[in-house]
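First up is the structure itself, then whatever we jot down about it.
Chain letters run A, B, ... following the sequence lines, proteins first, then strands; residues in each count from 1.
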Number of protein chains: 2
Amino acid sequence: MSTGLSIGQVAERTGLSVHALRFYEREGLLADPVRREPNGRRVYTEDDVDWLAMCIRFRSSGMPLDTIRKYTDLVRQGPGNEQDRLALLRSHQDRVTAQIQELNECLNVITHKVDLYQQRLAEGTADCLWAAPSTPTDTSAAF
Amino acid sequence: MSTGLSIGQVAERTGLSVHALRFYEREGLLADPVRREPNGRRVYTEDDVDWLAMCIRFRSSGMPLDTIRKYTDLVRQGPGNEQDRLALLRSHQDRVTAQIQELNECLNVITHKVDLYQQRLAEGTADCLWAAPSTPTDTSAAF
DNA sequence: GCTTGACCTAGACAGCGCTCCAGCTCCTAG
DNA sequence: CTAGGAGCTGGAGCGCTGTCTAGGTCAAGC
């Protein structure tokens, strides 16, 4: 077990700002209350960092802080509510899966447009100066 | 060429609210200005709907309205700036790709946790009443 | 003793993307 | 004639997620 970490160190490790760290704590996103030095300064443990890393994962996959707090509450309550935790995780899992699919569809559209423009630029090699292409080969919806 | 569409019809087709449609217009996200009936009501074309569908794809893949507006401006300016459009699309493409990857990583983490909980619940079949597992097999960071 | 820098709190503010409201005009049906 | 419904405008408000400010404490170093 290493020495405790200051808020600055945790900010550096997690990539969160010190502001955000305090904010997260106020919002009840930390599994157990952060210890304090006698002078009131926060002392984080490695576990806190791990927990925060997980929160960041949740956040960056679109889980609202509110839901993270709910999960945190469940964990804080201790064993006995595994079903609830599982349900929460599963529903997030579904959302993320759906989101990935959605993004893939978007990516296809975008890639298609990118290809079109590349093609177009490749044809009109010199800065693309024609006025009106005789054959509007662009079958894609909109430009 | 079909008849024009009312804002309500477009809302229905695109899934955007009429509020959002007016908002998008104010924000300059439409390639060409929406025609109006003599009484001031908006008349949309199929092209508008197509364009909006594209905007929705952009949005739902995380492109800020501001960037969509920039792209719209480029298109509105007509031919000659294909490089710029391409650059914009490419950089968005990159972001989406990165986002998908990020989400996949998150999904892995979540799936791992889901599996853990499922396992745990499967073991302690009857409502999971043990107090302390002798072997803390949970090597994952945090609960 | 003084400065510097990290930290503390409570609370105001910001950016984004809508969403809704008030108060109005039209058109159509009954 | 009236009511209902769709549309119009300008502007206020909101939910989320921070970010920043103001005003202060504390410890170390010159």
Identify the residue among Arg69(B), Lys70(B), Arg76(B) that makes a side-chain hydrogen bond (donor to acceptor under 3.5 Å, both in side chains) with Asp73(B).
Arg76(B)
Give a yes or no on whether Val43(B) and Leu30(B) share a hydrophobic cluster (residues Ile, Leu, Val, Met, Phe, Trp, Tyr; joining criterion: side-chain heavy atoms under 4.5 Å apart).
no
In this structure, how many angstroms lie between the C1' atom of dC18(C) and the CG atom of Leu29(B), rounded?
12 Å
Review item, nucleotides 4-8 of chain C N/O atoms under 3.5 Å of protein N/O:
residue	atom	partner	partner atom	Å
dA6(C)	N3	Arg41(A)	NH2	2.9
dC7(C)	OP1	Ser6(A)	OG	2.9
dC7(C)	OP1	Gly8(A)	N	2.9
dC8(C)	OP1	Arg42(A)	N	2.8
dC8(C)	OP1	Arg42(A)	NH1	2.9
dC8(C)	OP2	Arg22(A)	NH1	2.6
dC8(C)	OP2	Arg42(A)	NH1	3.2
dC8(C)	O5'	Arg42(A)	NH1	3.4

All N/O pairs under 3.5 Å across the protein-nucleotides 13-17 of chain C interface:
residue	atom	partner	partner atom	Å
dG17(C)	OP1	Arg59(B)	NH1	3.2
dG17(C)	OP2	Leu65(B)	N	3.3

Expressed in angstrom and rounded to an integer, what is the separation of Glu37(B) atom CD from dT25(C) atom P?
18 Å
Expressed as a whole number of angstroms, how long is the span from Phe58(A):CZ to dT17(D):P?
14 Å
Establish, from distance only, whether the side-chain atoms of Ser61(A) and His92(A) form a donor-acceptor pair under 3.5 Å.
yes
For residues Ala11(A) and Ser17(A), report the shortest heavy-atom separation together with the two atoms involved.
CB-C, 4.2 Å
Round to the nearest Å and state the distance from Glu25(B) atom CD to dG7(D) atom C1'.
13 Å
Calculate the interatomic distance between Leu16(A) atom CG and dT17(D) atom C1'; express it in whole Å.
12 Å
Roughly how far, to the nearest 0.5 Å, is NZ of Lys113(A) from CZ of Arg85(B)?
9.0 Å
Between Arg42(A) and Glu37(A), does any side-chain N to carboxylate O distance fall below 4.0 Å?
no
Parallel, tilted or perpendicular, as decided by the 30° and 60° cut-offs, for the rings of Tyr117(A) and Tyr71(B):
perpendicular
Atom CG of Leu21(A) and atom C1' of dT9(C): how far apart are they, to the nearest Å?
16 Å
Please tell me whether Val75(A) and Leu89(A) are part of a single hydrophobic cluster in this structure, the criterion being side-chain heavy atoms less than 4.5 Å apart.
yes
Nearest whole Å is fine: how far is dG18(D) C1' from His19(A) NE2?
10 Å
